[in-house]
Structure formats: C-alpha cells, structure tokens
Amino acid sequence: MENTLGLEIIEVVEQAAIASAKWMGKGEKNIADQVAVEAMRERMNKIYMRGRIVIGEGERDDAPMLYIGEEVGICTQPDAKDFCNPDELIEIDIAVDPCEGTNLVAYGQPGSMAVLAISEKGGLFAAPDFYMKKLAAPPAAKGKVDINKSATENLKILAECLERSIEELVIVVMKRDRHNDLIKEIRQAGARVQLISDGDVGAAISCGFAGTNIHALMGIGAAPEGVISAAAMRALGGHFQGQLIYDPEIVKTGLIGESKQANLDRLKSMGINDPDKVYDAHELASGETVLFAACGITSGNLMQGVRFFSGGARTQSLVISNQSKTARFVDTIHMFGEPKTLQLH
C-alpha cells in the first residue's frame with residue numbers, strides 16, 4: 001500500500017493545503033474549508049484505488065463531498081470502465097480533515113494542516129461525530145500513562161519516563177471552559193500548559209517527535225480527529241488513548257446531539273455497546289497497514305505552512321508509515337504555469 005499510494009497521498013494533502021492557504025487571514029473559515037475539500041477530493045479521484053470515506057466532512061445530508069460513506073478514487077470517474085477494473089484495485093478506508101483548524105487559517109494563526117489517514121478496508125474506527133477524551137504522550141511513556149489516571153498521576157509517570165522534572169513538561173490543552181479544572185490541576189502539579197484554540201491533531205503528533213517541546217496532549221476534542229491522531233501515533237510508536245464523550249453536560253461548549261440518551265442510542269445503533277470503552281491507538285487504527293499524511297497550511301511545530309512566490313508555492317508535508325516504520329518530511333516546490341526561478345528561501 002505504501003509503495004502504491006505513498007506519493008499520491010502526499011499530493012492529496014498538498015493540493016488541499018495550497019487551496020486553503022489562499023484564504024489564510026481573510027476571516028472566511030468556511031471558504032478555507034470548502035476549497036480544501038474540493039481540492040482534496042479532485043486529486044483523490046485520480047488515484048488508482050477503491051477508496052471509502054469513513055471519517056469526513058459529515059453525513060451525506062450535511063456535506064456535498066467527502067461525506068462519510070462516499071466512494072473515491074479513479075473508478076468514480078464517469079468513463080472509469082474504459083481504463084479501470086475495480087477488481088484489480090486496492091480497497092482502502094480513508095479518514096480526512098482537509099482543513100484541520102479552519103479558524104487558524106481564517107485568522108492567520110499557526111498550526112493548521114490538511115490531514116488524512118488510510119488503511120485497508122476495515123482498518124480505521126468509524127468514529128461518530130462526537131467528542132473524545134484524549135491522552136497522547138511520547139513513545140517512552142507508551143502503556144505507562146493512562147487516561148483513567150488523574151492528570152497529576154500521569155505527569156509524575158511522564159516525568160519519570162522522560163527523565164525530567166514535572167516543571168520541564170509542556171502539556172497542550174484546548175482552551176475550552178470544560179478544561180478549566182484540568183488546566184488548574186496541571187499547573188498545580190508544576191507542569192506548564194500550552195493552550196490552543198483549535199487543531200489538536202498537530203499537538204498529538206508532536207508528542208511523537210523529540211524536540212517539539214510538547215510532552216502530552218490532554219483533554220476533550222473531536223472524536224474523528226482522534227482517530228486520525230491515533231493512526232499517526234500508532235505508526236510513530238507513541239501513546240494514544242481515546243474515550244468517546246456522549247454527555248452534552250461534560251462538553252459544555254459545542255453541539256453533541258440532542259441529549260445524552262439520544263447519543264447513547266445512536267452509539268448502540270452503530271454497534272458500540274460499551275460507550276465508555278477506552279480505545280488505544282491499535283484499536284482506533286487497527287489495520288495491518290496504516291499511513292498518515294499531513295501538509296502544513298499555516299506554519300506549526302512540525303511543518304512550515306504554504307509559502308507562495310511568483311509563479312508557484314512551496315509546501316512541507318509529513319507522511320508516516322507503520323509498514324516501513326518511517327516518518328518522512330517532504331519539501332515540495334509547485335510550479336504554476338510556466339516554470340520560473342525556484343524560490344529556496
């Protein structure tokens with residue numbers, strides 16, 4: 001799968017990032033997302049694969065494209081039968097977020113990305129559009145920290161695993177009212193808190209790399225993005241756990257269904273009989289082969305954002321594979337129209 005799709009999925013996230021970056025700082029988050037979706041889908045439909053969106057822009061009635069269940073790939077072309085034999089193509093499940101951090105793009109803030117994860121059919125958890133309590137940590141702490149422990153306990157364990165003091169730890173938490181007590185506890189334990197407004201996929205992945213100065217992600221964010229984070233962290237060997245949140249009273253901000261009971265009923269209808277189950281990275285991204293790809297829209301801890309120059313643009317992407325056990329940073333110059341002098345700065 002990696003040999004077949006590796007380069008092409010990089011191009012998928014690159015095209016989404018370039019399209020969205022053209023709206024950076026214009027205050028139009030919906031347009032920044034829409035153009036990313038369109039660019040991602042257009043490039044995805046040129047790939048020789050039989051793809052199915054398992055995490056996307058929402059249900060079919062809510063999203064015109066990249067909706068959950070949509071089929072993508074070369075066989076969706078009107079004249080596909082002239083050059084495509086579906087039986088010969090690889091079947092894959094795809095989780096996408098064409099513009100992770102729409103507000104970040106709209107207001108020119110750091111850390112937005114175009115991201116996706118793929119695996120063979122059935123290899124990605126089809127998370128409902130709920131919230132998820134998350135815990136991400138470096139590989140050294142894998143299986144030692146635990147989402148069921150208090151933040152204070154996990155900070156002590158994390159400090160021991162990383163051979164540093166609690167005061168040296170930096171914990172990323174989304175700035176939400178529901179996290180006020182968590183933030184207070186982390187600070188009282190002695191660790192430092194980095195608050196983010198959006199985009200916790202990048203924060204989770206940063207835990208998997210040394211030198212980012214991010215040592216854990218804690219708190220509640222969107223469940224679909226949790227699966228994408230889990231795919232990357234599984235390939236990196238990092239720690240990731242997620243637990244679905246179905247009670248609106250816990251979330252405090254944002255929409256999460258009509259009621260707690262309605263949400264429980266929906267989970268049951270999806271075959272999720274244990275709504276309080278804690279999932280690890282291998283359960284959220286269970287496929288034999290898991291690939292993750294991201295391209296920076298605005299610059300963040302891991303990647304530079306899209307930089308435009310006369311006649312082109314430069315992007316930085318990341319592709320992570322559990323198959324080859326690699327994390328590749330890809331620096332690409334895109335030439336629009338006739339080639340001009342390449343910009344290397």
Side-chain angles (χ1 to χ4, degrees), residues 10 13-37 39-40 96-116 134 136 138 169-176 179 183 186 191-222 224-226 228-229 232-233 236 238 292-309 313-320 327-334 343 345:
I10 295 174
V13 292
E14 286 174 344
Q15 292 305 309
I18 290 170
S20 187
K22 292 177 180 178
W23 288 87
M24 189 276 289
K26 295 187 176 182
E28 299 283 356
K29 71 171 187 175
N30 291 334
I31 298 178
D33 184 57
Q34 177 186 336
V35 297
V37 170
M40 178 172 278
V96 302
D97 193 343
C99 184
E100 154 74 347
T102 55
N103 284 318
L104 302 179
V105 179
Y107 303 114
Q109 297 171 340
S112 60
M113 306 182 294
V115 299
L116 64 79
K134 307 173 188 178
L169 300 177
V170 175
I171 312 302
V172 174
V173 182
M174 294 191 76
K175 189 177 181 181
R176 300 288 189 270
H179 292 147
I183 293 167
I186 293 171
R192 296 171 291 165
V193 176
Q194 180 178 325
L195 295 175
I196 59 172
S197 61
D198 297 279
D200 64 354
V201 173
I205 300 168
S206 292
C207 299
F209 290 91
T212 61
N213 199 38
I214 293 176
H215 306 109
L217 167 72
M218 296 182 181
I220 297 170
E225 282 78 357
I228 297 175
S229 299
M233 289 298 276
L236 288 171
F292 168 89
C295 182
I297 301 175
T298 57
S299 296
N301 286 321
L302 291 174
M303 293 170 290
Q304 291 283 331
V306 178
R307 289 144 290 165
F308 293 101
F309 57 85
R314 187 173 183 178
T315 60
Q316 189 172 34
S317 305
L318 168 64
V319 59
I320 306 172
R328 293 186 175 95
F329 288 90
V330 181
D331 197 354
T332 307
I333 290 179
H334 307 260
Q343 303 295 308
H345 58 277

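Basis for what follows: all heavy atoms, side chains included, without hydrogens, waters or symmetry-related copies. Just so we're clear, the structure is a prediction, and the values are computed from it rather than from any experiment. Numbering of residues begins at 1 and proceeds along the displayed sequence.
With sequence neighbours excluded, the residues that form a side-chain hydrogen bond (donor to acceptor under 3.5 Å, both in side chains) with E14 are T332. Not counting sequence neighbours, N30 has no partner by the side-chain hydrogen bond (donor to acceptor under 3.5 Å, both in side chains) test. Here T102 pairs with nothing under the side-chain hydrogen bond (donor to acceptor under 3.5 Å, both in side chains) rule; sequence neighbours left out. For A16, the side chain to side chain contact (heavy atoms under 4.5 Å, CB included) test picks out A36, M40, A114, with sequence neighbours left out. Residues satisfying the side chain to side chain contact (heavy atoms under 4.5 Å, CB included) test with K22, not counting sequence neighbours, are I18, F308. Among residues two or more places apart in sequence or in another chain, the side chain to side chain contact (heavy atoms under 4.5 Å, CB included) test is passed with A106 by K29. Checked against side chain to side chain contact (heavy atoms under 4.5 Å, CB included), Q304 has the following partners two or more places apart in sequence or in another chain: S299, R307, Q316. Partners of D198 by salt bridge (charged side-chain N to carboxylate O under 4.0 Å, His left out), not counting sequence neighbours, listed by chain and number: R176.
Across all their heavy atoms, A39 and Q15 have their closest contact at CB-O, 3.5 Å. Closest of all the heavy-atom pairs between V13 and I10 is CG2-O, 3.1 Å. The two residues V35 and A19 have their closest heavy-atom pair at CG2-O, 3.4 Å. The minimum heavy-atom distance between M233 and A136, with the atom names listed, is CE-CB, 4.4 Å. The two residues I196 and A203 have their closest heavy-atom pair at CD1-CB, 4.3 Å. Residue F309 comes nearest to H334 through the heavy atom pair CZ-O, 4.2 Å, listed as atom of the first residue, atom of the second, then distance.
Side chain of Q194 to backbone of I214: no donor-acceptor contact under 3.5 angstrom is found. T315 places no side-chain N or O within donor-acceptor distance of the main-chain N or O of V306, the cut-off being under 3.5 Å.
Interatomic distance, M174 CE to S197 OG, rounded to the nearest 0.5 Å: 7.0 Å. Between the CE atom in M303 and the CD1 atom in I297 there is a gap of 9.5 Å [rounded to 0.5 Å].
The closest side-chain heavy-atom distance from D97 to P224 is not below 4.5 Å. Looking at V173 and I186, their side chains come closer than 4.5 Å, going by heavy atoms from C-beta outward.
Evaluation of the salt bridge (Lys or Arg N to Asp or Glu O under 4.0 Å) test over residues 200-220, restricted to residues two or more places apart or in two chains, returns K134-D200. Pairs passing the side chain to side chain donor-acceptor pair (under 3.5 Å) check and including a residue from residues 212-221, sequence neighbours excluded, read R164-H215. Sorted pairs that involve residues 13-33 and meet ring pair (Phe, Tyr, Trp, His ring centres under 6.0 Å), not counting sequence neighbours, are lacking altogether. Among residues at least two apart or in separate chains, side chain to side chain donor-acceptor pair (under 3.5 Å) pairs with a member in residues 104-114 are S112-T298.
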Before you tell me yes or no, could you show the steps for I205 and F292 under side chain to side chain contact (heavy atoms under 4.5 Å, CB included), namely the whole-Å CA-CA distance, both residues' side-chain angles and the distance that decides it to 0.1 Å? CA-CA 11 Å; I205 300 168; F292 168 89; 3.1 Å; yes

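Residue K26 qualifies as enclosed at atom NZ: its count of foreign heavy atoms under 6.0 Å is above 12.
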